[in-house]
Amino acid sequence: MNQPNNHLDLIDLEKRYGETLAVRGINLSLPENTYCCLLGPSGCGKTSLLRMIAGHEDITNGTVFLDNRNISNEPPAARSTSMMFQSYALFPHLKVIDNVAFALKIMGVGKTERHARAMELLESVQLHTMSQRYPSQLSGGQQQRVALARALITKPKLLLLDEPLSALDPFLRIEMRSELKLLQRQLGITFVHVTHSQEEAMALADVILVMNDGRVEQQGSPIELFTKPRNTFVARFIGGHNVIEGEGLPVSIREDRIKLTPGGSDKVTGVEFLGSVVRLKVISDRGPLTVVQSDMEFTKSKLDLGDQVKASWLKKDQLQLEA
């Protein structure tokens, strides 16, 4: 087998639990300093894939290379990777600085050196003034930052994150994802982040793997996935698209590409005001449609529940999907 040249390479990676094939022949090549999101519904295999990279799950078939080194059979501590779990699992009896420095203590690093390194990381996550607090004295967002600093203390080449924002409230989740992206760029290391949130993946990732039933349905940048979904699963899961079934292959039309004019046989069945945009539900002879209008366009059209409309779009805006 030729040795790959990327920072992280997954080659024909598979995971089987008994008769169940949870991960099916995944291939991925990532250059250094890449933010990659594994996106998909519950049970699609994304966490099993992450755990195989980390060494917390045995690989059934395939190979993991990190910086051209085969780490497939190495223990987690020898892989130059670090993992941040969904539950932060901070030690309640240790102060913040000792939580962050814990891995260095296990490695035999002296107290002065490990505390100095821990304080550097706490400064990078804006928590240096709270180094003497206990986890119970921190908010959820602050605990998340401590867990992130702890994961980075060993200077990993690759940081693996298992739904790290899912326990936070919506406002804090948005704030923390901005901090994650900024920190990843500042550190210059690759992040692989598991999420089931389309919005989170689109906001964070350089590369997204959309997963379903253990396989990758499509891989690409956020803009590639949104503008050119490959099939009906990706179009529906990424969102922002209407999938229209009919004769021949299905087609996708973006919600913001549909025009509604008064009259016609289509009917407005839902109106959701979302600030700068309004989302309308329409029943048409081509099936249910979702249409997004700007707030100004909606104010001008004055559409309401029950209104009869005609939904139309340009043929050039239709995207043919794989069956």
Heavy-atom pair of closest approach, residues A103 and T154 = CB-CG2, 3.8 Å
The complete set of ring pair (Phe, Tyr, Trp, His ring centres under 6.0 Å) pairs with one or both residues in residues 108-137, sequence neighbours excluded, reads none
Could you walk me through whether M84 and R150 pass the side-chain contact (heavy atoms from CB on, under 4.5 Å) check?
-> CA-CA 9 Å; M84 182 176 169; R150 183 179 62 180; over 6 Å; no
Do V146 and V100 have side chains that get closer than 4.5 Å, going by heavy atoms?
-> yes
Partners of E120 by side-chain contact (heavy atoms from CB on, under 4.5 Å), sequence neighbours excluded?
-> R117
Where do I53 and L158 land on the side-chain contact (heavy atoms from CB on, under 4.5 Å) test, with the steps shown first?
-> CA-CA 10 Å; I53 299 170; L158 177 67; 3.7 Å; yes
Are the side chains of L66 and S80 in touch, meaning some heavy atoms are under 4.5 Å apart?
-> yes
Mark yes when over 12 heavy atoms from residues, nucleotides or ligands other than K267 sit less than 6.0 Å from its NZ; otherwise mark no.
-> no
side-chain contact (heavy atoms from CB on, under 4.5 Å) between Q293 and S301: does it pass, once the steps are laid out?
-> CA-CA 10 Å; Q293 293 184 343; S301 68; 3.5 Å; yes
Is it true that H196 and F237 have ring centroids separated by less than 6.0 Å?
-> no
N/O donor-acceptor pair under 3.5 Å between R114 side chain and G108 backbone = no
Can you tell me if S29 and D9 form a side-chain donor-acceptor pair at under 3.5 Å?
-> yes
Do any N or O atoms from the side chain of S72 and from the backbone of V64 form a donor-acceptor pair under 3.5 angstrom?
-> yes
Answer yes or no for K228 and F226: cation-pi contact, defined as NZ/CZ to six-membered ring centre under 6.0 Å and angle to ring axis within 45°.
-> no
Does a donor on one side chain and an acceptor on the other come within less than 3.5 Å for E200 and H193?
-> yes
Where the side chain of Q144 meets the backbone of L168, is there a donor-acceptor pair that is under 3.5 Å apart?
-> no
What residues form a side-chain contact (heavy atoms from CB on, under 4.5 Å) with D213, not counting sequence neighbours?
-> R24, R215
Mark yes or no for whether R279, through its side chain, and E272, through its backbone, hold a donor-acceptor pair below 3.5 Å.
-> no
Under 3.5 Å: donor-acceptor pair, side chain of S284, backbone of R286 = yes
Would you indicate whether the side-chain heavy atoms of Q126 and E179 approach each other to under 4.5 Å?
-> yes
Any ion pair linking R254 and D317 (charged N to carboxylate O, less than 4.0 Å)?
-> no
Are V210 and L10 co-members of a hydrophobic cluster defined by side-chain heavy atoms under 4.5 Å apart?
-> no
Is the shortest side-chain N to carboxylate O distance from E217 to R230 below 4.0 Å?
-> no
Verify whether one side chain among Y17 and S48 offers a donor that lies under 3.5 Å from an acceptor in the other.
-> yes
Is a side-chain donor-acceptor pair under 3.5 Å present for N27 with D12?
-> yes
Which heavy atom in L321 sits nearest to a heavy atom in A235, and how many Å separate them?
-> CD1-CB, 4.2 Å
Quick one: does R173's side chain have a donor or acceptor within less than 3.5 Å of a partner on L165's backbone?
-> yes
How is the hydrophobic cluster of L280 composed, in terms of its other members, when Ile, Leu, Val, Met, Phe, Trp and Tyr link through side-chain heavy atoms under 4.5 Å apart, directly or indirectly?
-> I244, V251, I253, I258, L260, V268, V271, F273, V278, V282, L289, V291, F298, L303, L305, V309, W313
Mind checking what makes side-chain contact (heavy atoms from CB on, under 4.5 Å) contact with L94, not counting sequence neighbours?
-> F91, D98, N99, F102
Exceeds 12 heavy-atom contacts within 6.0 angstrom, atom CG of D58 = no
Looking at K157 and E32, does any basic side-chain N land under 4.0 Å from a carboxylate oxygen?
-> no
Nearest heavy atoms of K181 and A205, plus distance in Å = NZ-C, 4.4 Å
Is there a donor-acceptor pair under 3.5 Å between the side chain of K46 and the backbone N or O of P41?
-> yes
Linking I/L/V/M/F/W/Y whenever their side-chain heavy atoms sit closer than 4.5 Å, directly or via other members, would V234 and L319 fall into one cluster?
-> no
Any ion pair linking E245 and R236 (charged N to carboxylate O, less than 4.0 Å)?
-> yes
Shortest non-hydrogen separation from Q137 to Q142 and the atoms involved = O-OE1, 4.5 Å
Scanning both residues in full, the closest heavy-atom pair of C36 with L30 reads CB-CD1, 3.6 Å
Do T60 side-chain atoms and R16 backbone N/O form a donor-acceptor pair below 3.5 Å?
-> yes
Short side-chain to backbone donor-acceptor contact, Q184 and I189, under 3.5 Å = yes
Report whether L90 and M176 are members of the same hydrophobic cluster (ILVMFWY, side-chain heavy atoms less than 4.5 Å apart, transitive linking).
-> yes
T269 backbone acceptor or donor facing K281 side chain under 3.5 Å | no
Using the rule that two of Ile, Leu, Val, Met, Phe, Trp, Tyr join whenever any of their side-chain heavy atoms come within less than 4.5 Å, decide whether I208 and F191 are in one cluster.
-> no
Please name all residues satisfying side-chain contact (heavy atoms from CB on, under 4.5 Å) with F171, sequence neighbours left out, ordered by chain then number.
-> D169, E175
Within 6.0 angstrom of D256 CG, more than 12 heavy atoms from elsewhere = yes
Where is the tightest heavy-atom contact between L13 and V23, given as atom of each residue plus distance?
-> O-CG1, 3.5 Å
Please say whether more than 12 non-hydrogen atoms of neighbouring residues, nucleotides or ligands are located less than 6.0 Å from CD1 in I223.
-> no
Would T63 and I71 count as a side-chain contact (heavy atoms from CB on, under 4.5 Å) if you check the C-alpha gap in whole Å, the side-chain angles of each, and the deciding distance to 0.1 Å?
-> CA-CA 8 Å; T63 314; I71 63 171; over 6 Å; no
